[in-house]
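Sequence lines set the chain letters: A, B, ... in the order given, protein chains first and strands last, and positions in each chain run from 1.
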2 protein chains.
Amino acid sequence: MLDNTDIFIIDELSRNSRITMKELGEKVHLTGPATAARVAKLEDSGVIEGYTIKVNQVKMGYSVHAIIHIFTKSTNHQPYLSFIKKQAQYVINNYKVSGESCYMLECKFPSNEIVDAFLTDLSNYVSYKLSIVINKE
Amino acid sequence: MLDNTDIFIIDELSRNSRITMKELGEKVHLTGPATAARVAKLEDSGVIEGYTIKVNQVKMGYSVHAIIHIFTKSTNHQPYLSFIKKQAQYVINNYKVSGESCYMLECKFPSNEIVDAFLTDLSNYVSYKLSIVINKE
DNA sequence: CTAACTCCTTTCATAAATAAAGTAAAACGG
DNA sequence: CCGTTTTACTTTATTTATGAAAGGAGTTAG
C-alpha cells in the first residue's frame, strides 16, 4: 500500500507542509508532477487527512495547558458532551478512554481564573481530576 | 499584538495550510503580497511554529492509541527519558505534569503485541497506568 | 502476443510567489 | 504644529511553481 517514497513524502510534509511539489520531488527523486500525483493519492486514500499549522498557544494567550480526567456520575454522558461542545475554544482533545477515567480532556486556558470558572461549571456534570502540563519533553 | 486579521489568518491556515497567499488574501480582504507579509511576520514572531499535516495513524498501521501515566520510582528521571527517546517511533507526546502522575506519555502502536513488549521494557524504569483511547469525540 | 494499467517524464499554458517601487496613514519627536 | 520616520498596504513586473496533456517504459492479465 505505502512504499518507502510515500513514507518519505509523509515524513517531509509533516516537517513542512508548505514545501513545493518540485522541491519535495527533488528530495524523493521524482519530478514535480509525479510527486503531486503521489500526494493527491495519499489525500484520496485518506492517509493525509489535512494540512495544518503548529501554533504557539502561549503567544496566542493560552498559558495554561491542562489535562482533566473525567469520571461521569450518571450513565448519560450527553450533558457533559454538550457542555464541552459549548467550551470548544478551550478544548484541544476529548478522548474517550478505557482505564480508570471515562474521558481524558485536554484543554488550554488563558489564566487560572478561567480554569477555575471552567472547573466550577464542569463539576455540574462530572467528577474530575486535574493535571497541569509543566513541560513537553 | 495580534489583530482580527491575524486571528483569521491563523484560523484559516489551521484548516488548510496549503492555501495560496492569493486565496487567503481574498478571505481577509488583502492582496497576495500583503497576506504573505502578514504570514511571514507571524512566523518570525513565533506564533506560527511550523506547517504540518494530519496523518491517519490507523492507515499508517498504528491501530492502538495509548495514554500511559508514568510514576517514577527513583528521583532520577534520566533512564526513563532516555528510554522513550529510543522509542520515538511510538511516542506522540511526553508531558511532564503536576497532579498524581509524573509524566503523561501518549503513544501509538501497531498491535497489542507491540504494546506488551513496550510496557515490559517500560517497567524496568517506572511504574505506570495504561489507558487506551477508544474514540476521539 | 497484445491490450490495459500503472507510474513516470517531458512539455507547455496558466497561476502564484516574490521582489521592487510607490502611496497613504499613523506615530514620533522637536 | 509640522516635518520625519515607520508601518502597512497596493501595484507592477519578473521569476517560479502548478496542473493539464501527451507519450513512453515496465507490469500484468487474457
Judged by atom type as modelled, is there a donor-acceptor pair below 3.5 Å linking the side chain of A/N135 to the main-chain atoms of A/E137?
no

Could you check which residues of residues 22-50 of chain A get a heavy atom under 4.0 Å from DNA chain D? Sort them by number, please.
A/K22, A/P33

Does A/D3 come within less than 4.0 Å of A/R38, counting only side-chain N to carboxylate O?
yes

Are there more than 12 heavy atoms of other residues, nucleotides or ligands under 6.0 Å from atom NZ of B/K73?
yes

Polar side-chain atom of A/D121 near backbone of A/F118 as donor-acceptor pair, under 3.5 Å:
no

Give a yes or no on whether the ring-centroid distance for A/Y80 and A/F71 is below 6.0 angstrom.
no

Could you tell me whether a side-chain N or O of B/S17 sits under 3.5 Å from a main-chain N or O of B/S14, the two making a donor and an acceptor?
no

Tell me, do B/M60 and A/L2 make a side-chain contact under 4.5 Å, heavy atoms counted?
yes

Walking along DNA chain D from 5' to 3', note the first and the last nucleotide with an atom under 4.0 Å from a heavy atom of chain A, and give both.
D/dA17 to D/dA20

